[in-house]
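The sequence lines fix the lettering, A, B, ..., with proteins before strands; numbering per chain opens at 1.
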Amino acid sequence: MTTLEDRIRAATHAAADLVADGSAPPLDLARVRSQARWSRWPGRHGRLRKPLIPLAAAAAVLLIAVAAIAVPRSPDSGSQRHHPATGGPAAVLPRYLVTVHTDPWRLDVRNAVTGTLTAGIKVPVGYNWNAVAAQGPRTFIASKNQVLMGPETSYFYRLVIGSHGAVTSISRVGRGVHGTVWAASVTPDGRYVGYLFSTTYGPDGSDASTQVVLANLSTGKVIASWPVPDNDDVASLSIDAGGNALAISTYYYHYTGLSADAAVKHDLTQWTSVLRPATSGTPVDKLPELLPQAGTLALSPDGRTLYEFLQAGSVARSPYQDRNPVTFDLAAVNAHTGAVVSVLHTWRAVWADFVPQLALGPAGAYLLIADGASLARVSTATGQYTALPGSVPEIPALENAAGKLPPDQGGDIDPLAW
Amino acid sequence: MEANVPRFAAHRAAEGQPDADAPGELIAIRHAVGPPAGDHDAAKNAVTALYQIHAVGMIRLAVAMLGDRAAAEDVVQDAFCALYRRFGSLAQPDRALQYVRASVLNGCRSELRGRKRSARRLASAFSPDIASAEHDALIGEEHREVLGALRQLPDRQREVLVLRYFLDLPEPEVARSMGITRGTVKSTTSRALAALANLLGENR
């Protein structure tokens with residue numbers, strides 16, 4: 001045996017060994033309806049085509065080879081694998097991410113591993129994209145806002161990404177929202193959307209308002225809404241799979257005195273809460289506080305677990321003044337009690353400089369993290385952290401995310417979808 | 001934050017996984033393909049059972065061909081869906097797994113061709129190997145070069161090498177799997193090794 005054959009054997013096995021036992025996603029036979037007619041496959045006339053017939057003789061050997069070499073059976077191989085954190089089925093890894101960018105306003109579609117740009121969607125002058133959310137691995141919802149002329153109106157669009165990253169369709173869904181939509185999160189079935197919107201003037205000339213809304217995406221009918229007080233800002237928003245709960249993190253800066261440099265003269269108050277339809281109408285600052293921090297967050301499909309970036313230990317009321325590195329955890333939190341269930345990963349960073357973006361994949365199995373330009377993936381079941389080779393352009397500082405005022409740090413509200 | 005929060009290890013090794021029992025697998029397949037053709041529920045159950053047993057192995061084969069987990073899962077899902085569509089009219093349901101394997105190989109070919117088309121269409125903005133970059137990054141420097149070179153080979157040459165050296169199939173089995181003669185396997189293997197050596201800068 002020569003070195004080259006050994007190298008082939010070692011390399012292919014090294015690649016294949018990354019596929020862990022029992023890690024196959026559940027079989028999705030629903031694909032059958034959406035696939036092309038099966039005439040593309042051999043044997044269209046009801047029998048295996050001739051070139052495949054000789055395969056029969058190799059069947060036993062192949063089966064044994066695969067079974068012995070590549071398919072060690074796991075204890076749970078007899079039943080559908082479920083994701084331990086969510087109770088739902090495990091999910092395939094989405095191949096594409098979508099981010100919101102400016103200059104010009106656009107949505108970027110990128111390979112989620114390499115960061116390679118595969119498509120970009122611009123808008124005409126006078127419009128912008130403000131929010132993007134993943135409905136599925138290749139289906140995204142984005143809000144396009146009219147910003148220059150006419151009444152403030154936002155529309156939701158559904159984007160479908162093709163097999164090689166191109167956008168294969170864009171279609172408007174639902175009715176327009178009177179106001180500017182700043183953040184959105186959609187259920188996997190596309191029925192419900194949670195969004196944050198604000199109006200400069202109400203439809204009847206009333207004062208400006210900001211609200212978090214749970215609505216039917218197709219009809220636009222509002223199911224529940226929660227006013228956001230003038231001084232408060234929402235840093236992050238995420239909906240569960242059933243449209244039964246919305247998690248938000250919120251903050252406000254309490255000015256302690258007038259100063260030319262106000263940013264270092266006020267205190268920060270921040271909190272995370274879970275909104276349920278029963279509390280509709282209650283201002284967000286009057287709802288029970290789940291956590292005393294406002295990190296970028298994602299709610300699991302079953303609504304039981306909240307994933308959020310949290311500073312370890314207590315947080316000072318003026319953390320922007322501290323340039324010493326502190327510890328941040330990506331924590332799994334019980335969405336009912338606020339108890340930290342586990343810490344998935346830890347960072348050391350200066351508070352003002354650490355504004356990672358977070359996106360939860362289908363079934364809640366993995367989290368995608370964009371920390372600055374770098375990409376990483378974390379398993380919600382095991383906490384396994386995988387630094388990905390690709391990168392994305394840093395999200396521009398437009399609105400305040402995670403309670404960090406520009407110029408210290410900022411970013412759009414949940415501008416990353418995966 | 002609470003003080004005593006459990007922290008996951010970076011890797012949790014699979015423990016207590018029994019080795020595959022080849023006779024047991026075969027029995028399971030016979031059970032899986034047992035239900036009568038034409039019954040949708042039976043077909044669904046049979047295909048699902050086959051999938052549960054063989055999905056990981058098929059994904060590993062596709063990963064060895066493509067170097068990309070997500071694409072490999074797509075290919076394997078498509079292959080089992082094709083089997084499900086076809087299940088009622090299979091002349092020999094016992095050969096279902098062969099059909100899936102052939103579909104996986106076909107799917108890998110299509111995926112690699114699709115990447116090449118995308119690369120041509122998007123020119124410099126799109127690397128033909130982008131989807132494999134993650135796996136390449138994870139498996140270490142010593143194997144990246146080999147996998148990258150494998151993916152540059154023509155379809156038949158790549159498949160011969162993977163079947164021969166990944167599955168360790170003898171030449172007659174490779175021939176039967178690919179529907180080519182044993183002589184063609186020999187010549188293709190020889191040409192593939194030469195081409196690979198050339199790509200890797202090795203003298204043979």
Looking at B/R69 and A/D17, is any side-chain nitrogen of the basic one under 4.0 Å from a carboxylate oxygen of the acidic one?
no

With a 4.5 Å heavy-atom cut-off, do B/Q52 and A/P26 have their side chains touching?
no

Tell me, yes or no, whether the heavy-atom count around A/R138 atom CZ, taken from other residues, nucleotides or ligands under 6.0 Å, exceeds 12.
yes

Do B/L200 and A/L4 make a side-chain contact, defined as non-hydrogen atoms from C-beta onward lying under 4.5 Å apart?
yes

Atom of A/A16, atom of B/R60 and distance for their closest heavy-atom approach:
O-CG, 3.3 Å

Minimum heavy-atom distance B/L147-A/A15, with the two atoms named:
CD1-CB, 3.9 Å

Before giving the answer on side chain to side chain contact (heavy atoms under 4.5 Å, CB included), spell out for B/H143 and A/R7 the whole-Å C-alpha distance, their side-chain angles and the decisive distance to 0.1 Å.
CA-CA 7 Å; B/H143 300 313; A/R7 291 181 70 188; over 6 Å; no

With a 4.0 Å cut-off on N to O distance, would you call A/R9 and B/D168 a salt bridge?
yes

pair A/T12-B/M65: side-chain heavy atoms closer than 4.5 Å
no

Separation of A/I8 CD1 from B/F166 CZ (nearest 0.5 Å)
13.0 Å

Would you indicate whether the side-chain heavy atoms of A/P25 and B/I59 approach each other to under 4.5 Å?
yes

